[in-house]
Amino acid sequence: MIVKVTRSGGFAGLMAHGELDTSGQPDADRLEAALRALDPARLGSGRPQPDRYVYRVEVRDAPDRDATHLTVAEQDLDETTAWLLDRVLQG
């Protein structure tokens, strides 16, 4: 799976980008399980709050597949989703 994450907002308003192909990663099983668990219905509204991050996520099963797009606000992150987004941003 291929995942791209863009983080914006926060106190300084800086942006961060990350992209990761799960194939070949030592934690591929955990990454892919976290990606499959992303559920737009439980991720909240994606509405930003002052001085908090907003994450835009793009997930593809393969490079030639259509992408799934999600927007997640920092206040709506659960532990698994927070780990996943940080892992992608760190490469």
Side-chain angles (χ1 to χ4, degrees):
M1 298 176 94
I2 300 162
V3 59
K4 295 180 183 179
V5 174
T6 301
R7 184 184 71 199
S8 60
F11 181 71
L14 301 176
M15 293 189 71
H17 303 278
E19 181 174 350
L20 188 68
D21 185 342
T22 61
S23 63
Q25 295 295 320
D27 53 354
D29 290 341
R30 184 177 178 197
L31 287 163
E32 290 175 7
L35 286 166
R36 283 190 293 276
L38 291 175
D39 178 5
R42 70 174 183 77
L43 290 176
S45 67
R47 291 190 186 124
Q49 290 182 349
D51 298 331
R52 300 200 77 176
Y53 292 125
V54 173
Y55 298 85
R56 286 173 180 69
V57 183
E58 178 182 307
V59 181
R60 294 179 191 273
D61 289 331
D64 59 340
R65 298 285 183 124
D66 289 337
T68 300
H69 298 271
L70 302 165
T71 300
V72 187
E74 179 182 15
Q75 69 272 9
D76 296 327
L77 294 177
D78 60 31
E79 185 177 327
T80 300
T81 305
W83 169 82
L84 171 66
L85 299 176
D86 285 342
R87 175 70 174 80
V88 174
L89 288 171
Q90 293 173 6

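Each residue takes its place number in the sequence, starting with 1. Values in this document were obtained by computation on a predicted structure and should not be read as measured data.
Between the CD atom in Gln49 and the CG atom in Asp76 there is a gap of 8.0 Å [rounded to 0.5 Å].
Contacts of Arg60 classified as salt bridge (charged side-chain N to carboxylate O under 4.0 Å, His left out), with partners at least two apart in sequence or in another chain: Glu58. The side-chain contact (heavy atoms from CB on, under 4.5 Å) check on Ser8 picks up Met15, Val54, Arg56, with sequence neighbours excluded. With sequence neighbours excluded, the residues satisfying side-chain contact (heavy atoms from CB on, under 4.5 Å) with Ala62 are Asp64, Arg65. Not counting sequence neighbours, the partners of Arg52 by the salt bridge (charged side-chain N to carboxylate O under 4.0 Å, His left out) test are Glu74.
At least one side-chain heavy atom of Trp83 sits under 4.5 Å from a side-chain heavy atom of Leu31. Looking at heavy atoms from C-beta onward, Leu84 lies in side-chain contact with Leu38 at the 4.5 angstrom threshold. By the 4.5 Å heavy-atom criterion applied to side chains, Val59 and Met1 are counted as neighbours. No side-chain heavy atom of Tyr53 sits less than 4.5 Å from a side-chain heavy atom of Leu85.
Shown here is Asp29, whose CG atom has no more than 12 heavy atoms of other residues, nucleotides or ligands within 6.0 Å.
Across all non-hydrogen atoms, the minimal contact from Leu89 to Gly18 is CD2-N, 3.7 Å.
Sorted by first then second residue, the salt bridge (charged side-chain N to carboxylate O under 4.0 Å, His left out) pairs that include residues 6-19, not counting sequence neighbours, number zero. Screening residues 78-91 for salt bridge (charged side-chain N to carboxylate O under 4.0 Å, His left out), with sequence neighbours left out, gives Asp27-Arg87, Arg42-Asp78.
Connection of Ile2 to Val88 is not established within any shared hydrophobic cluster, with ILVMFWY side chains joined at heavy-atom distances below 4.5 Å, either directly or through further cluster members.
The side chain to side chain contact (heavy atoms under 4.5 Å, CB included) test with Leu20 singles out one residue from Gln90, Lys4, Gln25, and that residue is Gln25.
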